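As C-alpha cells, the structure follows; a few thoughts come after it.
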2 protein chains.
Amino acid sequence: LIAAPALAQTQPTINWRLASSFPKSLDTIFGASDIFTKRISQLTGGKFNIRSFAAGEIVPGLQVMDAVQAGTVECGHSASYYYFGKDATFSFDCAVPFGLTSRQHTAWYDQGGGRELTRAFFKDYNIINFLGGNSGTQMGGWFRKEIKSVADLKGTKMRVAGFAGRVLERLGVVPQQLAGGDIYPALEKGTIDAAEWVGPYDDEKLGFFKVAPFYYAPGWWEASASFSFYVNLKEWEKLPKEYQAAVEVATYEAHVGMQAEYDVKNPTALARLLKNGVKLRNYPKDVMDACYKTATQVMEEEAAKNAKFKKIYEPWKRFRQDQNQWASVAEATMQNYLISAGRAAK
Amino acid sequence: LIAAPALAQTQPTINWRLASSFPKSLDTIFGASDIFTKRISQLTGGKFNIRSFAAGEIVPGLQVMDAVQAGTVECGHSASYYYFGKDATFSFDCAVPFGLTSRQHTAWYDQGGGRELTRAFFKDYNIINFLGGNSGTQMGGWFRKEIKSVADLKGTKMRVAGFAGRVLERLGVVPQQLAGGDIYPALEKGTIDAAEWVGPYDDEKLGFFKVAPFYYAPGWWEASASFSFYVNLKEWEKLPKEYQAAVEVATYEAHVGMQAEYDVKNPTALARLLKNGVKLRNYPKDVMDACYKTATQVMEEEAAKNAKFKKIYEPWKRFRQDQNQWASVAEATMQNYLISAGRAAK
C-alpha cells in the first residue's frame, strides 16, 4: 500500500569512530561491532557512518571507557569489568563472580531494572551504555597440574584479573596480569601455572592445550560475560531521533549475534580440543564452595564500603535468587534431561 | 562530526497490517509485535507504519500464516507449529519435542543454518520468516491427579496439540483440542483431566491452579517455543532497502524483549502460585524416558516419509547433539551450581 508521495526529508551525514577493546583475532567479540556499524549505515541510507577500530589502533584496549568519557571517540565496544579498578560497580554491567547467566543478564538489563541501574551509574562517566553481546558461561582456565582440592590452589600463579583475582587471592592463588599474547610463553616456561581466557573457540587459537592440558569448568567468575556499547552522552544527545533509534535497535542485533556465534563455534572447537588430548575437568565441589563463599564475602564487603555498588548489588541479588529458583523448575530440568539423552544417544 | 548538508531523500509512506495469532491478554507474546512495529515507525521517521491486530480482529489466530501467504495482510506474528497439520516441517521454526532451548534455537536460526533451512521451506508459502520471540522452556501442564508413572497417563484426557499430542497418544493419553478460554471450565467439570498452556505468568491468569493443582515440569514438547514474524515475499521485495533493514533489525529487538519479559515475569508468578498451594512436580523419569523414546520414533517416522522434514531434521539433530554436549561442560554446570547455591542461601 504505497500512499501519497512522502515529504522530502533531510538528515545530516554523521561520521563517528568506535574504539573496540578487542583485537580482530577475537573475531566473535570484535564482529559484534561490525554487525552494529553495518546495520546503522543500512538503516540511515549510508548517512550515519561509524568506523570501528581494533584495540590499540586509536585507543589502548583497556582505555576505551576513558576515551568515550573524554569524547576522544564518540563510541566504544568494551567489557565493563575492565574498569573494576576504578570502581567495582562497573562489573555488574559485565560479570561478577557467580553472577547471572547470559539469558538472565539480558533479562535483567532489558526488562528487570538493569538498564536503569547501570545507566544511572554510567551517567557519572558521561556515557550511555547498551547491550553488546555475551559469551555465555566461560571456561575456568588451563592448568599445568590437576586441581584436586582447594589446597591445590595454594601458591598457584594464575593469569586472572579483577573480581576473580581478588577472590582467588584469599584462597592462596597468586593472580597475574598478562595480555593475551604473553600467556602461552609464560605457561610454557612455567612462569605461571594456570591461565583463564574465554572458552574453547578463542582458547584453541592461542594453543594453551599444548602446554597446560587440564581444562577446567566452569569459569564461575563469568557465568556469563556481557559486552557493552558505550556512547558519549553529549554526542548521543546531538543525534537526530532516527539515528538514536538506529543505534538502540542495532545493539540488539549485535547482542544476539555474538552469543549465537559463540554457541555455534564453541562445540566444534571443544570437539577438536578433546581430540588433541585435552583433559576436561570440573572444579571439585570443595573448590566451588570455597570460591562461592569467598566471592560472597568479597561482594558483601564491597557493598558495605561502596554505596554505588550496594545500590545495584541489593536488587541484583534478589533478581539472581528469583531467576535461579525459576530456572530450577523448567529450564534447567529440561536442559539436564537433554544433556543426558544426548549422552545416551552417542 | 556533522559533515556537509546531506542530500534530500524521499522515502515512500507505507502502511501495512500485521495479523497476530495471539490475543492481547497474552501480553508478553502480543507485546513483541508492539516492540516491532513501534521501532520500525521510529526508524523511518513515521513513514513505514505497521498496525497490529490481535487474533480474530481481522484474521483468526490459527490462520495467520495463510493470510500472509495469500497477501490478505502484509505480515504476521505467529507460532509456526500451529501449521503442523499442513506439514510437520513447520515445527522446526518453533518447537519440536525434546528440541532446542531458547538460546540454542536462536543460535541455530541466526548463525547455525536455521535461517537458510527454514526460509527455503517458507518460500513455498510465499513467506519470509524472522525470529519473533521465545518463551523459554514451558511448563508440562496442569493435572487434576498426580502422575506417578507412565501407566498413569493411560486414558488421561489432556488439552495438548500438534507433535506432543501425537507422541502422548501412543502412551495412552487422549489429546483434546481446546481454545484457551475453554480450558478452565473443562478442567473444572472434569471433561478433561489435564491441560498444558505456557508457563507460570500466562497460566496464572487463567486460574488453572484452582481446579488442577498438580503443576508438572518440564514441558518437553517446548524446551523452548520460538515465535516468528512472517512477511509476504512479494510485499517484502517491494520495500526500499532501508525499510527492509528496519524490519530485519526490529525483529531482533522484539525477539530479545519477549524472552526477557517472560524471564522477568515468570519467577514472581511462580512464587504466587506456590503460595496458593500449587503442587509443583517433575515428570517421573520413566515418563520422560518413554516420551523421549516415542518422540524420537515419531520424528524418525516423519523424516522417513517427508523429504522436507528430513532436510531440516538431519542437520538440526546434529546441531542439537553438539549443543547439548557443550552445554554440559560449562553452561549447565554453572547453572546447576547457581541453583543449588541459591537454595542453600534461602
Side-chain angles (χ1 to χ4, degrees), chain A residues 1-3 6 8-15 39 42-43 45 47 101 103 106-107 110-112 136-137 139 217-218 223 242 245-246 249-250 252-253 256-257 260-261 263-264 266-267 270 282 288 292 321-339 341-342, chain B residues 1-3 6 8-15 39 42-43 45 47 101 103 106-107 110-112 136-137 139 217-218 223 242 245-246 249-250 252-253 256-257 260-261 263-264 266-267 270 282 288 292 321-339 341-342:
Chain A
L1 301 175
I2 297 183
Q9 107 183 10
T10 306
Q11 290 287 7
T13 296
I14 295 184
N15 295 304
R39 183 61 83 183
Q42 281 183 342
L43 289 169
K47 288 182 174 176
T101 65
R103 218 175 93 188
T106 301
D110 199 54
Q111 309 265 343
T137 302
M139 289 294 290
E242 281 86 348
V249 74
Y252 285 98
E253 181 177 12
V256 170
E261 198 174 340
D263 286 345
V264 167
N266 273 325
L270 178 68
N282 284 333
M288 290 294 282
Y292 181 76
Q321 180 72 21
D322 289 349
Q323 288 297 308
N324 288 323
Q325 195 195 344
W326 164 229
S328 76
V329 174
E331 193 77 32
T333 311
M334 191 72 220
Q335 177 62 85
N336 291 333
Y337 190 84
L338 290 168
I339 287 170
Chain B
L1 301 176
I2 296 181
Q9 105 181 10
T10 306
Q11 291 287 6
T13 296
I14 294 184
N15 296 305
R39 183 63 83 184
Q42 280 184 342
L43 289 168
K47 287 181 174 176
T101 66
R103 219 174 92 187
T106 301
D110 198 55
Q111 310 264 343
T137 302
M139 289 295 291
E242 282 87 348
V249 73
Y252 285 97
E253 183 177 10
V256 170
E261 198 174 340
D263 286 345
V264 167
N266 274 325
L270 178 68
N282 285 334
M288 290 295 283
Y292 181 78
Q321 181 71 21
D322 289 349
Q323 287 297 308
N324 288 323
Q325 196 194 343
W326 163 230
S328 76
V329 173
E331 193 78 31
T333 310
M334 190 73 218
Q335 178 62 84
N336 290 334
Y337 190 84
L338 289 169
I339 287 170

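All values reported here derive from a predicted model rather than from experimental measurement. Numbered from 1 within each chain, the chains take letters A, B, ... in sequence-line order. All values below were derived from every heavy atom in this structure, side-chain atoms included, with hydrogens, water molecules and symmetry-related copies excluded.
Heavy-atom distances place the side chain of B:Asn282, and not its backbone, under 4.5 Å from chain A. With a 4.5 Å cut-off on non-hydrogen atoms, A:Gln42 touches chain B through its backbone and its side chain both. The part of B:Leu270 that comes within reach of chain A is its side chain, from C-beta onward, which places non-hydrogen atoms under 4.5 angstrom from that chain. Both the backbone and the side chain of B:Glu331 come within less than 4.5 Å of a heavy atom of chain A. Proximity to chain B (any heavy atom under 4.5 Å) is shown, for A:Asp263, by both the backbone and the side chain.
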Report the C-alpha separation of B:Thr137 and A:Gln335 in whole Å, then their side-chain angles, then the decisive distance to 0.1 Å, and conclude whether the side chain to side chain contact (heavy atoms under 4.5 Å, CB included) test is met. CA-CA 9 Å; B:Thr137 302; A:Gln335 177 62 85; over 6 Å; no
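When side chains are defined from C-beta on, A:Leu338 does not count as touching B:Gln323, because their heavy atoms never get closer than 4.5 Å.
Closest non-hydrogen pair, A:Gly257 versus B:Gln111, comes out as O-NE2, 3.6 Å. For A:Ala107 against B:Ala260, the heavy-atom pair with the smallest separation is CA-CB, 3.7 Å. When every heavy atom of A:Gly45 is checked against every heavy atom of B:Glu242, the shortest pair comes out as CA-OE2, 3.1 Å. Heavy atoms only, all atoms of each residue included: B:Pro218 and A:Ala330 are closest at CB-O, 3.8 Å.
When each of B:Glu253, B:Met288, B:Met139 is scored by its heavy-atom pairs under 4.5 Å with chain A, the top score falls to B:Glu253. Residue with the most contacts toward chain B among A:Ala327, A:Gly136, A:Ser328, A:Ala217: A:Ser328 (heavy-atom pairs, distance under 4.5 Å). In terms of non-hydrogen atom pairs under 4.5 Å with chain A, the most contact-rich of B:Asn324, B:Asn266, B:Asp110 is B:Asn324. Chain A forms more heavy-atom pairs under 4.5 Å with one residue of B:Thr106, B:Thr333, B:Leu43, B:Asp322 than with any other, namely B:Leu43. For the set B:Glu261, B:Arg103, B:Gln321, the count of heavy-atom pairs under 4.5 angstrom toward chain A peaks at B:Arg103.
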